[in-house]
Amino acid sequence: MINIPKGTKDVLPSQSYKWQYVENTAREVARVFNLKEIRTPVFEHTELFTRGVGDTTDVVNKEMYTFEDKGGRSVTLKPEGTAGAARLFIENGLASSPMPVKTYYITPCFRYERPQAGRLREFHQFGMEIFGAESFTQDAEVILAASSFLEKLGVRTRLEINSIGCKTCRAEYNAALRKYFAPHLDGMCPACRARFGKNPLRMLDCKEEACKKIAAAAPAITDYLCADCADHFAGLKNLLTAQGVEYTVNPRIVRGLDYYTKTVFEFVSDAIGAQGTVCGGGRYDGLLEELGASPLPAIGFAAGIERLLLLMENTSAAFPEDGKPLIYVAGLDDACRAEAFKTVCFLRSKGIAAETDHTGRSVKAQFKYADKLGVKFVAVIGGDELASGEIKIKNMSSGEQTAVKCADIYAYLTKE
RNA sequence: GCGGGCGUAGCUCAAUCGGUAGAGCGCCAGAUUGUGGCUCUGGAGGUAGCAAGUUCGAAACUUGUCGCCCGCCCCA
C-alpha cells in the first residue's frame, strides 16, 4: 500500500462540496470587487522566489520545494502566490493596461515544513493582487474584500493591522531598532542575533520569552513613519472605521515575507490551534522594481483555504447542502433496467440530475440506495409500466405515488 | 531542524493479572414473491504499523524503526 505523502490531504467525495462553496464564495467576492482571475504555473524559476520573497526569509531558506529539472534548471513549487502574480504582470506587459490591474487566484502552494493543525506541505490559497494604485483607499478596498469574504463564509476573526513603512522610513526605523537592540544582543536567541544584521524588524516578532521581553520596550515603527506613510496609515484607519470594520493596531505584526511595505494585516482566529492566521496580506510597493520592472505600487492578501475550512468546521459555520440527484429510476429486471437507463439518459440530456442502478440490485435495495442518495423522487419501471407506457413516480418525503406517462416525466419533474 | 503524544476492522474505540481479537457505526444480503427511513437476522472485512527481544505464550512488556497527530520555529 502506497499512502499519501506527508503533509498532504485528500478531498473526499463527501467533502468536496465544502471546497466548492468556499471557492464559489471567493469568486463571487472577486466578481463584486471587479477582480479578474489569473492562473500561473505551479512551478517557477527558483530565482523568482529568492528575489521576490526574499532570501532572508524562512520560506526561501528552509521551506521551498526546489529541484533541478532534466534540463538542469532550478525550479521551485510555488510557496505563495504573489511572486508569480507579479511575474505574470511584468512578463505580459500588463503595466500598459488601465490601472489599477485587479487580479485574484485560487492555487495550491507548497512549503516543506513539519505539518501540524492548520499547516500542510501542500495547501491552497485564495489570494488577490492589485497593481498600480498607491492610495490608502486601495488598501481599504483589499481589506474590505477580505473581510467580506470571511463574513460571507460566516467565520469570526479579528483584524490586526500595522504599517511597516516605506524604504526611507524603514531605514531610519531599522537604525533605531539596531541602536535599541545592540546592548541586549547577548540575552537574545541565535535567530534574533542573525536577524539583527539582516532584518531587525523581525526581532519584534520573535516568540522566545527572553526576546519578547526585550522587544516589548523596543521603539514602535509607528513613531518612525515618514509623513507620507503616517498619512497613508491614518487614512486607511479612518476609512476602515467609516466602513464599520473593527480592527486593532498591532505593532508586532511584521510578516515574514520581505516584500511588504506600509500596510500589513492579518485576520486571526483562536479556534483552529496555534496557526491562527486565516488570511494575511499587505502592500508591496517595492516588489516589481525588485523583480527588474519599473516601480509600481501593489497590494494583496492570501487566505488559507484549509484553515478556513478548519475554522468553519470548528465553529459549526453553515455550509449549503451538497447537491443530490432529483430522481432515481429503478428497474425490476434487466429489461426494465434497460428502460430505466434510457429514461435516465433522456432526463440527463434535459439537465436533470438522475441516477439508476448498475449493480443488479433488487427494487427494495434500489430504494434503499436512492434514499441514501437523498433523491426527491423514485420512479419504478416494471412489467406493468413497460406495457402501459406509464411510470409510477414516488415522492420520497410524502410517500405519494403518481402515475406519469413516459412522455410527461420531464414536465412532471420540472412543474414545481 | 527540535520537543511531546499516539498507532487494534473502512470509521470511532474496547478487551481484568501477558493466555492467541471484540463492539458500535458503515457496507452487502435477507425478514414470502415490484417500494426507502424504524426494527430484527445473517454476511463480508484484521499479517494488532513493521522488525527484533523477553516469555511456555505478546495487541499488551523492552528496544529499534516507520507513520500519524499536536507544539516550537515560521506562515495561509
Side-chain angles (χ1 to χ4, degrees), chain A residues 1-9 12 14 53 56-64 78-82 106-127 146 157 189-192 194-195 202 205-209 211 253-257 266-269 272-281 300-311 328 330-333 336-337 340 359-386 392-401:
Chain A
M1 178 57 204
I2 297 171
N3 41 24
I4 196 169
K6 194 188 192 69
T8 63
K9 279 252 187 326
L12 301 179
S14 60
V53 176
T56 70
T57 62
D58 274 15
V59 167
V60 167
N61 281 321
K62 38 185 237 192
E63 296 171 4
M64 294 209 298
K78 55 165 104 164
E80 52 88 61
T82 302
I106 296 173
T107 182
C109 294
F110 304 85
R111 293 183 198 171
Y112 190 87
E113 302 181 88
R114 283 289 287 271
Q116 71 187 69
R119 197 177 68 190
L120 295 167
R121 288 183 174 181
E122 182 192 31
F123 60 101
H124 299 261
Q125 290 188 336
F126 161 51
T157 54
C189 70
C192 276
R195 289 166 182 142
R202 274 218 222 94
D205 204 27
C206 188
K207 305 294 191 299
E208 295 285 331
E209 270 314 311
C211 304
I253 61 170
V254 298
R255 310 199 51 71
L257 277 31
E266 293 183 358
F267 289 84
V268 189
S269 165
I272 54 172
Q275 309 301 324
T277 302
V278 147
C279 172
F301 74 76
I305 297 182
E306 284 86 350
R307 285 186 189 177
L308 271 171
L309 254 7
L310 197 59
L311 177 55
Y328 183 97
L332 179 64
D333 54 25
C336 298
R337 268 191 272 270
T359 65
R361 276 194 260 245
S362 68
V363 168
K364 185 194 191 78
Q366 290 181 61
F367 262 87
K368 282 192 182 180
Y369 181 67
D371 186 52
K372 279 168 201 154
L373 291 181
V375 299
K376 194 167 178 190
F377 299 105
V378 174
V380 190
I381 300 182
D384 299 349
E385 286 79 5
L386 282 185
K392 276 187 213 123
I393 297 182
K394 180 167 179 175
N395 181 317
M396 293 295 272
S397 50
S398 70
E400 278 172 51
Q401 285 207 93

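We name chains A, B, ... by the order of the sequence lines, and we start the count at 1 in each one. Atom set for the values below is all heavy atoms of this structure, side chains included, hydrogens, waters and symmetry mates excluded.
Counting any heavy atom pair closer than 4.0 Å across all strands shown, A/Val278 reaches sugar-phosphate atoms only and no base atom. A/Leu308 comes within contact range of no nucleotide atom at all, as no heavy-atom separation falls under 4.0 Å.
Distance from the side chain of A/Gln275 is smallest to B/C74 among B/G71, B/C74, B/C27. Among the nucleotides B/C70, B/A76, B/G36, the one closest to the side chain of A/Arg111 is B/A76. Of the candidates B/A76, B/U35, B/G30, B/U35 carries the atom nearest the A/Lys392 side chain, counting heavy atoms from C-beta on. Proximity note for A/Lys372 (side chain, C-beta onward) versus B/G71, B/C74, B/C28: the nearest is B/C28. Among the nucleotides B/G71, B/G34, B/G36, the one closest to the side chain of A/Ala274 is B/G71.
Taking atom P in both B/A52 and B/A58, the straight-line distance is 13 Å, to the nearest Å. As rounded to the nearest Å, B/A48 and B/U20 have C1' atoms that lie 12 Å from one another. A distance of about 14 Å separates the P atoms of B/C13 and B/C6, rounded to the whole Å. Comparing the P positions of B/A9 and B/C50 gives an interatomic distance of 10 Å, to the nearest angstrom. Taking the P atom of each, B/G42 and B/U35 are spaced 23 Å apart, rounded to whole Å. Taking the C1' atoms as reference points, B/G36 lies 47 Å from B/G19, given to the whole Å. For the P atom pair drawn from B/G57 and B/A15, the interatomic distance equals 25 Å after rounding to whole Å. Remark: the separation of the P atoms in B/U55 and B/G18 is 16 Å, to the nearest Å.
The distance from atom CG of A/Asp371 to atom P of B/C28 is 12 Å, rounded to the nearest whole Å. Regarding A/Met396, its CE atom lies at a distance of 9 Å from the P atom of B/G36, rounded to whole Å. Per the geometry, CG belonging to A/Asn3 stands 14 Å off P belonging to B/G10, to the nearest Å. To the nearest angstrom, C1' of B/G71 lies 15 Å from CG of A/Leu120. For the pair A/Asp333 CG and B/U33 P, the interatomic distance rounds to 16 Å; values are reported in whole Å.
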Mind listing the N/O atom pairs, protein and nucleotides 40-45 of chain B, below 3.5 Å?
none

Table of protein N/O atoms under 3.5 Å from nucleotides 1-7 of chain B N/O atoms:
residue : atom : partner  : partner atom : Å
B/C2    : N4   : A/Arg114 : NH1          : 3.0
B/G3    : O6   : A/Arg114 : NH2          : 3.2

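Ranked by how close their nearest RNA chain B nucleotide is to the 5' end, A/Arg307 and A/Pro115 are led by A/Pro115. Taking the nucleotide of RNA chain B with the nearest heavy atom to each of A/Gly382 and A/Ala303, the more 5' of the two is matched to A/Gly382.
Under 4.0 angstrom from either OP1 or OP2 of B/G67 there lies no side-chain N or O belonging to A/Lys6. Using a 4.0 Å cut-off, no side-chain N or O of A/Gln401 falls inside it from OP1 or OP2 of B/U35. Contact between the side-chain N/O atoms of A/Lys9 and the OP1/OP2 oxygens of B/C69 is found at a separation under 4.0 Å. A/Gln116 has a side-chain polar atom (N or O) that falls below the 4.0 Å cut-off from OP1 or OP2 of B/G71.
Residues A/Leu120 and A/Lys9 are in side-chain contact: their nearest non-hydrogen atoms beyond the backbone lie under 4.5 Å apart.
Of the options A/Glu122, A/Lys62, A/Glu63, a side chain to side chain contact (heavy atoms under 4.5 Å, CB included) to A/Arg111 is made by A/Glu63 and by none of the others.
Both tests do not hold together for A/Arg121 against A/Phe110: distance to the six-membered ring centre under 6.0 Å, angle to the ring axis within 45°.
Checking side-chain atoms of A/Arg307 against main-chain N and O of A/Thr277 turns up a donor-acceptor pair under 3.5 Å. In terms of modelled atom types and a separation under 3.5 Å, the side chain of A/Gln125 and the main chain of A/Cys109 share no donor-acceptor contact.
If you check distances only, the side chain of A/Lys394 does reach the base of B/U35 with a donor-acceptor pair under 3.5 Å.
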Let me have RNA chain B in dot-bracket notation, would you? Count Watson-Crick plus G-U wobble pairs, both distances under 3.5 Å, and use [ ] for pairs crossing earlier ones and | for inter-strand partners. (((((((..((((.....[..)))).(((((.......))))).....(((((..]....))))))))))))....
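Side-chain atoms of A/Thr107 and A/Lys78 form a donor-acceptor pair, as typed in the model, at a separation below 3.5 Å.
The NZ atom of A/Lys394 sits 5.0 Å away from the CZ atom of A/Phe367 when rounded to the nearest 0.5 Å. Within the model, atoms CD of A/Glu80 and CE of A/Met64 stand 10.0 Å from one another, a figure rounded to the nearest 0.5 Å.
Between A/Glu385 and A/Lys392 there is a salt bridge, with a side-chain nitrogen of the basic residue lying less than 4.0 Å from a carboxylate oxygen of the acidic one.
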